[in-house]
Amino acid sequence: MNRFSYVRVASVAEAVREIASAPPARFIAGGTNLVDLMKYNVERPERVIDITRLPLTAIEETGEGGLRIGALVTNTEAAYDPRIESRYPLLSSAILAGASPQLRNAASVGGNLLQRTRCYYFYDVATLCNKREPGSGCPAIDGINRIHAILGASPHCIATHPSDMCVALAALEAVVRVTGPQGERNIPFQDFHRLPGGMPEIDTNLARDEIITYIDLPSKGFAQNYTYLKLRDRLSYAFALVSVAAALEMDGEQIKEARLALGGVAHKPWRDIAAEALLRGREPSAKNFAAVASKVLADAKGYGSNDFKIDLARRAIVRALSQAAARTPQSQTDKRIT
Amino acid sequence: MSISVTASAPVERIAISLTVNGERRQLEIAPWTTLLDLLREDLGLTGTKKGCDQGQCGACTVLLDRKRVNSCLMLAVVKDGSDVTTIEGLSTGAVLHPLQQAFIDQDAFQCGYCTPGQICSAVALIQEGRARTREEIRELMSGNLCRCGAYVNIVAAIEQVLAARPEKQP
Ligand SMILES: Cc1cc2nc3c(=O)[nH]c(=O)nc-3n(C[C@H](O)[C@H](O)[C@H](O)COP(=O)(O)OP(=O)(O)OC[C@H]3O[C@@H](n4cnc5c(N)ncnc54)[C@H](O)[C@@H]3O)c2cc1C
Ligand code: SF4
Ligand code: FES
Ligand code: FES
């Protein structure tokens, strides 16, 4: 780990002042991604700004029927919050599908959004990587790319965003509230993370001098018809190869509204609004679900070792939509897929 | 690229206080000291193990303000004021913690390297009260890897303690 100076801030305003004025600096919350990357010398901040004492630790009603989650709420606290469990079980389930109890106890909600989009080459400073060293090249494209993206990648980077929680937040249309030197602004979840394009070194649209303060959940929680289906190389404590958050609002036998987001397949949580629209007014059938999967994956592209993900994603989408329609959400304890 | 980490300025040391296994400690540490290194190197509490040093194995699990965490991914300075319990703090004198005894009874280790982390994790698991079935124990212990593959016996040890609890889970 590199040497750095350390400061602990007591207010959001102070945090923003510090990040705006400091030399290359990073906030630290749970530290589970930052410290990990610092040990590999991938992150080398000159200053670490400790935001863990900020008063952003509550989950509150928004007044519009939704919930506001403080950026420092831990993943564990969010997953087991009775209001989230009952009104947003998709979010609870997705969080419990990720990492381990120990990591979820440390990890913050804000930090989960800002964990780096990454791959094994990114971690290995002995290799080139456009995300780590802009312009140096991407060895993954012609290399070992089993875990890499099949959607929205660019010739500069094919890494994936590894979060489970963010896939649910994308499906739920959460809003990220941030504060910077100019004051506060709201970023719709869809616009928070970005695709690599020609600048893979930038994962999100958060400015360098902004801090996440809260995540707002709109009132609609899809608590009846939902599932979070995560497929990976071992049943627990592993990142997704493909994951699917599916949520349906039913009107009798017809689908009134559908939400669909994928994890492990792109540089950002991958929501496809046009594919969701195919289900409006339709009945939940295998045929209709297959049509959605085809639409989502129309432009999917494999890079060799990850070609299998295209078919895996297709089947996972159909399976997840079927689970949501049948009100049989995937258990995060008993991982047998039914 | 260079990965040298030479210090350009004199090392800044920061005063923190931690309660470790019931004892209040005043410490002066460099900000890049992890909680794991502080426990093992500065305090000589080598019961907590360094397996991967990357959050991937659970060998470094300790209880921080009664919650289980990976001490390898924590900067100690951030945890100023916290209460830490390590494997050394679980027994009272010569009396083993029920989970320590259960690990012996059930033969729940081979090399023993993962064991302090497994036991600390299991202590928290039982306090959390969310594991009733064998599947739930396995899932909620999935943050602790055992290279010797003692998993079946580890689950048995936890079941032994859960079954002996006066206020049994429903
Ligand atoms: C072994 C391992 C397995 C994992 N498995 C999974 C998994 O299966 N699924 C999954 O979803 N995740 C997984 N994770 C990732 C984990 O969920 C993240 O590391 C965690 O959520 C990050 O949160 P944190 O609070 O620890 O962030 P930190 O490490 O503290 O911060 C991460 C980044 O966010 C910035 N930051 C933090 N808070 C704010 C804020 N409020 N405003 C602005 N910037 C901020 C920091 O500066 C830093 O750049 C795994 C991690 C490990 C180590
Ligand atoms: S996929 Fe992205 S993160 Fe991975 S090596 Fe290529 S540029 Fe780097
Ligand atoms: S040493 Fe901390 S998780 Fe492996
Ligand atoms: S007993 Fe050897 S690693 Fe678990």
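We name chains A, B, ... by the order of the sequence lines, and we start the count at 1 in each one.
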Going by atom types alone, do [X] and [Y] pair a side-chain donor with an acceptor below 3.5 Å?
X	Y	answer
B/Q54	A/Y40	yes
A/N33	A/E43	no
B/E139	A/T333	no

Side chain / backbone / both / neither for [X] at chain A, heavy atoms under 4.5 Å:
X	result
B/L145	side chain
B/L140	both
B/C52	neither

Under 4.5 Å, heavy atom to heavy atom: which of residues 87-109 of chain B reach chain A? Give them by number, or say none. none

From the options B/T85, B/D83, B/T86, select the one residue that forms a side-chain hydrogen bond (donor to acceptor under 3.5 Å, both in side chains) with B/N21. B/T86

Go through the atoms of [X] and report whether side chain, backbone, both or neither lie under 4.5 Å from a heavy atom of chain B.
X	value
A/L96	backbone
A/S331	neither
A/L103	both

Is there a donor-acceptor pair closer than 3.5 Å between any side-chain N or O of [X] and the backbone N or O of [Y]?
X	Y	result
A/S92	A/A79	yes
B/N144	B/G117	yes
A/K230	A/A238	yes
A/N75	A/A106	no
A/S136	A/E133	yes
A/K131	A/P200	yes

If you count heavy-atom pairs within less than 4.5 Å of chain B, which of A/D36, A/T52, A/L235 leads? A/D36

Of B/L125, B/D80, B/T61, the largest count of non-hydrogen pairs under 4.5 angstrom with chain A goes to B/D80

